[in-house]
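Notes follow the structure.
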Amino acid sequence: MNVTDTQNAYPFLQQLTQAFGPSGLENPVLSLLAVATQGYADETYRDTLGNLYVIKRGTSGKQVMVSAHADEIGLIVTFIDTDGFLRFTTLGGVSVTNLLYRRVVFENGVSGVIAVEKLDKPGDLSLEKLYIDIGATSESDAAAKVRIGDSAVFVGEYTETQTRVISKALDNRIGCFVLSEALKQVVSPHTLVFVFTTQEEVGLRGARPAAYALDPDWAVTVDVTRTGDTPKSARMAVRLGAGVGIKVMDRAIVIAPYVKTWISEQARKQQIPHQFEVLESGGTESGAIQLTKSGIPVGVLSIPARYVHSPGEMIDKRDVASAIALLVALLQDQAGPQIPIY
Ligand code: CO
Ligand code: ZN
């Protein structure tokens, strides 16, 4: 498994990243995924939170949940002023320093630019001082195009080199891409339930009822993680291109040692490039899955990404190839993680 094996699938990643899908409005993304996975699934359905389930049946009697969130961070309109400027709040972890003069687009195609009031002190940047200018001439002109509660996402075009991809929303369309590619390749004794979840960025929400409904024997989540390989970045051992990340910990989970062992043993046996990941800020929906019902064994494959939650997130295709290969190996493993008898 190398980059060339999956190279012809990348136009689908482009489509996924450019689709509109802030938390709560994931339908455009989920529609693309439903169509792409159709020929490989025994059953497909949605639930009340909008999560998309794609099932491939096996005969072992075990059920495995595989999840990736489909939503992306965004902004939501709170107020329209008399001159037609839009005030907004954030949907998910959007840093104010990432916002100034960014282009944004609403679901209906209306686009705008984020600008700022005159600041008393330079560096006095805060959410309250920012507004979206959609080029409206008045409050009523703006209100005809955008309503209170409408969401916008970053504009962030997709560019690709031999080894790397830059785009908005690689968090976590790259995870969705890894799941869809694994689904095409996998031949497993287990019943695999691929869940493309909603509302992760606002608090790991979609995955929670999905895990409750399925109560799987074990689960694997795929999401991005940060890196420590850019100028003066925080100290972190994860590097772009050094292989799929095997999560040890983030702010929502400590991976059970027997799950970590299971995953790293598979990576070692299959000679898949991998690196251990400790993420000091942010969490993944694995944290919600783990705490469901009487507790669910869950592991996480992480795709190293630079500039997470910006319009220009960057990943390495070699890490993606490693993630797909390791996910397939895990799903094909007859035994799965061995829950210790305490
Ligand atoms: Co995120
Ligand atoms: Zn994510």
Side-chain angles (χ1 to χ4, degrees), residues 13 16-17 19-26 29-30 33 49-52 65-76 89-99 102 151-154 156 165-180 194-208 210-211 219-227 234 236 238 240 244-247 249-253 255 277-290 298-316 319-320 323 327:
L13 178 63
L16 284 174
T17 60
F20 180 88
S23 307
L25 295 172
E26 300 88 352
V29 181
L30 294 173
L33 287 162
L49 265 91
N51 295 307
L52 168 66
M65 175 179 177
V66 196
S67 82
H69 72 86
D71 61 317
E72 69 192 286
I73 53 160
L75 308 171
I76 187 161
T89 192
T90 55
L91 260 179
V94 182
S95 145
V96 174
T97 54
N98 283 350
L99 287 178
R102 298 299 185 199
S151 301
V153 297
F154 285 137
V165 176
I166 307 174
S167 177
K168 81 164 177 81
L170 283 167
D171 175 10
N172 183 33
R173 306 295 155 68
I174 192 59
C176 298
F177 179 77
V178 167
L179 261 59
S180 73
F194 293 80
V195 190
F196 300 95
T197 62
T198 58
Q199 299 192 36
E200 187 271 353
E201 296 289 2
V202 289
L204 322 178
R205 292 178 190 166
R208 202 179 302 267
V220 181
T221 293
V222 182
D223 203 340
V224 300
T225 190
R226 293 178 184 276
T227 69
M236 186 178 181
V238 175
L240 230 56
V244 55
I246 297 176
K247 189 177 293 293
M249 193 189 94
D250 62 32
R251 287 299 169 211
I253 194 167
I255 300 291
E277 177 230 349
V278 177
L279 182 65
E280 293 185 73
S281 60
T284 47
E285 64 191 11
S286 60
I289 295 168
Q290 185 187 47
V298 57
V300 181
L301 303 189
S302 297
I303 314 295
R306 290 178 183 164
Y307 323 121
V308 172
H309 290 188
S310 84
E313 301 175 331
M314 184 187 296
I315 52 130
D316 190 297
D319 300 333
V320 177
L327 182 57

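As the structure lists them, so they are numbered: ligands from 1, and atoms in each ligand from 1.
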Show your working on side chain to side chain contact (heavy atoms under 4.5 Å, CB included) between Leu30 and Thr198 and close with a plain yes or no. CA-CA 9 Å; Leu30 294 173; Thr198 58; 4.1 Å; yes
Taken by chain and residue number, the protein N/O/S atoms under 2.8 Å from the Co ion (ligand 1) read Asp171 OD2, Glu201 OE1, Glu201 OE2, His309 NE2
Less than 4.0 Å between a side-chain N and a carboxylate O, is that true for Glu313 and Lys168? no
Exercise: identify the closest heavy-atom pair between Asp71 and Ser23: OD2-OG, 2.7 Å
Is the shortest side-chain heavy-atom distance between His69 and Asp223 below 4.5 Å? yes
Side chain to side chain contact (heavy atoms under 4.5 Å, CB included) between Leu279 and Met236, worked out: CA-CA 8 Å; Leu279 182 65; Met236 186 178 181; 3.9 Å; yes
Could you please spell out the steps behind the side chain to side chain contact (heavy atoms under 4.5 Å, CB included) verdict for Ile255 and Val300? CA-CA 8 Å; Ile255 300 291; Val300 181; 4.0 Å; yes
Atoms of type N/O/S from protein, distance to the Zn ion (ligand 2) below 2.8 Å: 4
Can you sort out the partners of Thr221 under side chain to side chain donor-acceptor pair (under 3.5 Å), two or more places apart, ordered by chain and number? Ser67
Test salt bridge (charged side-chain N to carboxylate O under 4.0 Å, His left out) applied to Arg205 - qualifying residues, sequence neighbours left out: none
Please determine whether side-chain hydrogen bond (donor to acceptor under 3.5 Å, both in side chains) holds for the pair Thr284 and Asp250, giving the CA-CA distance in whole Å, both sets of side-chain angles, and the decisive distance to 0.1 Å. CA-CA 7 Å; Thr284 47; Asp250 62 32; 2.7 Å; yes
